[in-house]
Amino acid sequence: MMEKENIAVGLDIGTTKIVAMIGRKNEYGKLEILGIGKSKSLGVARGVVNNITQTIQSIQQAVLEAETKSGYKIKDVVVGIAGQHIRSIQHSDYIIRSNAEEVIDGNDIQLLIDQVNKLAMLPGEEIIHVLPQEFKIDGQSEIKEPIGMYGGRLESSFHVVVGQAASIRNLGRCVQSTGIELSGLTLEPLASADAVLSQEEKEAGVALIDIGGGTTDLAIFKDGIIRHTAVVPFGGNVITDDIKEGCSIIEKQAELLKVKFGSAWPGENKENEIVSIPGLRGREPKEISLKNLSKIINARVIEIIEQVFTEIKEYGHEDPRKKLIAGIVLTGGGAQLKHIKQLVEYITGMDTRIGYPNEHLAGNSDEEISSPLYATAVGLVMNSIENKTQSAVRSDVPGAINTNPVGMSIIQNPENEESGIEVEMEREEIVDVEISTDHKIRSSFFGGYLDKIKDFLDNAE
């Protein structure tokens, strides 16, 4: 019974929405979502907190809704980290072992990782993640798992993820100010990749493009290893802004137009298809041609995809040994745009599919949860399950669940009711990325990093 109550919680803090998700593994090893809370993100821009007070309120709102729906009280969360400030570098390093007659163990690898963590960074930057890729032992290369082997010189290439210390601490502060502990930080593209990519795709070579509200993030895998990460500082919000300017309408109307009638492929709309938008305060309604609407969307989506494709080429996709056989997987709110798959295939010439996080979800999951919009949140819950902690406990009074204001988020945020799509469509942004051959290595380092953040926050009080 105790095994069953390994309750996991993920908190996805995006530019356009904040999602709190509570889940657990069922007896079939699938993810069962117990409760989900969503609120409009008011204090985040391009993945970075720019208003602490508003972000705290938005987190509280999402958490309250998730607790109300699930009947669980959240204790700690795994948070997705994102933003333009995150960048990644490739680095190689080695250690000479004192006794080559003993087999290599986890301590040797940790020693190597600790050494990389001492790399000098630009002022204000800190290393968030050190991810071993492939190892070399005494010159023998392409070793994926060195533990148990003999050798004197242990060398590895690393994917090092770097971010601004202040941004990370601000995020930690927002979460802790709501009375919830931070049990882990996961780079959002990695969480999305966990939720929507299969191991076969990672082996064959795949580019995950997560189109969020504020940023579009790229994570490239080949031979099961993370190879390249990048952040393009544009997402669904810039498409909405273009529609707003191009059609002279307000933002809420532009978002609804994009979601309900938008298409990334102008040829799909006939000249005479027109939608009427109510005018402001007694003004005449506006008539907007759907063909013009999709021309605006098409132009901006091409711009975003071309920038991402430049990064894919930078990774070396055109080299036969680096070829991404599984092509592209699109996820995030922007992946819900009609005909975007066809447009991406047309621009890149690569096979493309939309990534839904349903592979790991229990069969009876709500259809809404298996939307690309929730890919990051599902990935964060999966990450929280790996921590094997009890992140939420049952509320004391089961009957009290219904006495809470279930519609609280709607009461506090009246736009939700008529344009829930607006909140849904705005997938958060994401950022760089990471993956490691060994989850234990990953968590052991992040544990130390979290302690640093917690010490900093405690001393700042």
Side-chain angles (χ1 to χ4, degrees), residues 9-22 36-68 74-86 124 126 128 163-188 191 210 212-215 217 231 233 235-237 251 255 332-333 373-374 376-377 380-381 384 391 408-416 422-431 450 453-454 456-458 460-461:
V9 185
L11 183 65
D12 174 9
I13 300 175
T15 300
T16 44
K17 66 169 184 0
I18 291 179
V19 176
M21 195 179 269
I22 304 175
I36 180 169
K38 187 173 64 177
S39 66
K40 195 167 169 58
S41 179
L42 297 171
V44 182
R46 301 219 190 283
V48 178
V49 173
N50 63 3
N51 185 319
I52 295 269
T53 313
Q54 286 188 323
T55 304
I56 291 170
Q57 284 171 354
S58 297
I59 292 172
Q60 281 172 331
Q61 197 176 316
V63 163
L64 177 66
E65 193 180 327
E67 289 179 337
T68 302
I74 294 174
K75 292 196 307 182
D76 59 65
V77 292
V78 169
V79 174
I81 187 162
Q84 275 173 283
H85 63 93
I86 289 178
E126 280 185 19
I128 303 172
Q164 277 176 6
S167 295
I168 298 160
R169 286 176 181 149
N170 284 340
L171 198 64
R173 175 150 202 140
C174 288
V175 175
Q176 290 190 329
S177 298
T178 63
I180 294 171
E181 281 305 308
L182 209 58
S183 66
L185 285 169
T186 296
L187 288 164
E188 293 198 345
D210 190 319
T215 59
D217 311 293
V231 186
N237 291 359
E251 192 169 342
E255 182 67 31
L373 195 64
Y374 293 116
T376 305
L380 292 171
V381 174
S384 178
S391 296
M408 182 115 188
S409 64
I410 293 173
I411 294 164
Q412 291 184 350
N413 184 6
E415 303 107 317
N416 276 14
E422 159 186 326
V423 183
E424 279 178 20
M425 184 60 191
E426 1 180 87
R427 160 71 182 109
E428 77 295 310
E429 42 303 65
I430 276 180
V431 189
L450 276 171
I453 293 181
K454 285 174 182 165
F456 176 84
L457 290 170
D458 292 344
E461 291 303 329

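- Judged purely by atom type and a 3.5 angstrom limit, Glu67 uses its side chain to pair as donor or acceptor with the backbone of Ile74.
- Separating the CD1 atom in Ile168 from the CD1 atom in Ile128 is a distance of 3.5 Å, to the nearest 0.5 Å.
- Just one of Leu42, Val44, Leu171 meets the side chain to side chain contact (heavy atoms under 4.5 Å, CB included) condition when paired with Thr55; it is Val44.
- For the atom pair CD of Glu65 and CD1 of Ile36, the computed distance is 8.5 Å after rounding to the nearest 0.5 Å.
- Between Val175 and Ile13 the shortest side-chain heavy-atom distance falls below 4.5 Å.
- Between Ala62 and Ser39 the shortest heavy-atom distance is CB-OG, 3.8 Å.
- In this structure Ser391 satisfies the side-chain contact (heavy atoms from CB on, under 4.5 Å) test together with Val9, Asp76, Ser384, Thr389, sequence neighbours excluded.
- Scanning all heavy atoms of the two residues, the minimum distance from Val381 to Met21 falls at CG2-O, 3.5 Å.
- By the 4.5 Å heavy-atom criterion applied to side chains, Leu11 and Leu380 are not counted as neighbours.
- A distance of 11.0 Å separates CG of Leu187 from OG1 of Thr376, quoted to the nearest 0.5 Å.
- Residues passing the side-chain contact (heavy atoms from CB on, under 4.5 Å) test with Thr178 are Ile56, Ile59, Gln60, Ile180, sequence neighbours excluded.
- Proximity of Val48 to His85: side-chain heavy atoms (C-beta onward) are separated by under 4.5 Å at one or more points.
- Residues Lys40 and Lys17 are not in side-chain contact: their nearest non-hydrogen atoms beyond the backbone lie 4.5 Å or more apart.
- Applying the side-chain hydrogen bond (donor to acceptor under 3.5 Å, both in side chains) test to Asn51 and every residue at least two apart in sequence or in another chain returns Gln54.
- When all heavy atoms of Ile18 and Ser58 are compared, the closest pair comes out as CD1-CB, 3.5 Å.
- Shown here for Ala45 and Asn50, the closest heavy-atom pair between the two residues is CB-ND2, 3.3 Å.
- Here the closest non-hydrogen pair linking Ala165 and Glu126 is CB-OE2, 3.3 Å.
- Between the side chain of Ser41 and the backbone N or O of Gly14 there is at least one donor-acceptor pair closer than 3.5 Å.
- Panel note: side chain Thr215, backbone Pro233; no donor-acceptor pair is recorded below 3.5 Å.
- Tested against Glu188, the residues Val79, Ile81, Asp12 include a single side chain to side chain contact (heavy atoms under 4.5 Å, CB included) partner, Asp12.
- Pairing each heavy atom of Val49 with each of Cys174, the nearest pair is CG1-SG, 4.0 Å.
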